[in-house]
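One structure below.
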Amino acid sequence: MRTPLAIALVTAALLAGPGIAETTPVADTMPKRVGACATTVITAIGTRFGDTLVRPKSKDADDGTGVVLKNGVYGVSYQFVPEVANARVGDPVRTCLVSVPKGCPKGDDRGKVYTTTNLRTQESWTLADSQHLCGGA
């Protein structure tokens, strides 16, 4: 469950706007607590299967979206995410941890959700770090 404080922290970080890349060093670690953010860069963009990401011609041809950040954050969706498609490898981004699932089996830490803002395009996306939540398939 998202708390008002966590939402406020994430919103403030996302609204920091252009110029943040010049003032915030690139982080080699991912955010560990809800509301924490890090500035890093995109290292890979593709479908959730790792193929080249292209706008699907039909709903049935949608292979989803995957994005990898230098600090280890991975985002995935079953749907095409145009904001990720507009990004480029090497773009600076600000990524914030917005939620962590509760009651997960020991050792299963899937299901964290991150909101990431591309500092070049100023577009944002919110993606989970796994196709399934903890305890899922």
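Taking SG of Cys96 as the start and CZ of Arg33 as the end, the distance is 11.0 Å to the nearest 0.5 Å. Interatomic distance, Gln131 CD to Tyr74 OH, rounded to the nearest 0.5 Å: 6.0 Å. Here NZ of Lys70 is found 6.5 Å from OG1 of Thr40. Values are rounded to the nearest 0.5 Å. Interatomic distance, Leu97 CG to Lys112 NZ, rounded to the nearest 0.5 Å: 7.5 Å.
Cluster membership check: Val100 shares its hydrophobic cluster with Val73, using side-chain heavy-atom separations under 4.5 Å among Ile, Leu, Val, Met, Phe, Trp and Tyr. In the hydrophobic clustering of ILVMFWY residues, with side-chain heavy atoms under 4.5 Å counting as a link, Val84 and Phe80 come out together.
Using modelled atom types, one side-chain atom of Thr65 and one backbone atom of Val81 make a donor-acceptor pair closer than 3.5 Å. Formation of a donor-acceptor pair under 3.5 Å by the Asp91 side chain with backbone atoms of Arg88 is found in this model.
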Any chance you could lay out the side chain to side chain contact (heavy atoms under 4.5 Å, CB included) test for Leu127 and Val76, step after step, and finish with the verdict?
CA-CA 6 Å; Leu127 296 173; Val76 64; over 6 Å; no
Assess the residue pair Asp129 and Tyr114 against the criterion (side chain to side chain contact (heavy atoms under 4.5 Å, CB included)); give the C-alpha distance rounded to whole Å, side-chain angles, the decisive distance to 0.1 Å, and a yes or no.
CA-CA 8 Å; Asp129 66 352; Tyr114 297 88; 4.2 Å; yes
Side chain to side chain contact (heavy atoms under 4.5 Å, CB included) between Leu69 and Thr43: does it pass, once the steps are laid out?
CA-CA 5 Å; Leu69 307 182; Thr43 59; 5.8 Å; no
Could you walk me through whether Asn71 and Thr29 satisfy the side chain to side chain contact (heavy atoms under 4.5 Å, CB included) test, starting with their C-alpha distance in whole Å, then the side-chain angles of each, then the deciding distance to 0.1 Å, before giving a yes or no?
CA-CA 5 Å; Asn71 66 354; Thr29 59; 5.7 Å; no
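Between Gly111 and Ser130, the shortest heavy-atom contact is N-CB, 4.3 Å. Minimum heavy-atom separation, Val89 to Ile45: N-CD1, 4.0 Å. Shortest non-hydrogen contact noted between Thr115 and Val98 is OG1-CG1, 3.6 Å. Across all non-hydrogen atoms, the minimal contact from Pro31 to Ala38 is CG-N, 4.0 Å. Of all heavy-atom pairs between Ala87 and Ile42, the closest is CB-CD1, 3.6 Å.
Residue Arg94 is tested with Asn118, Thr117, Thr39 for a side chain to side chain donor-acceptor pair (under 3.5 Å); the sole match is Thr39.
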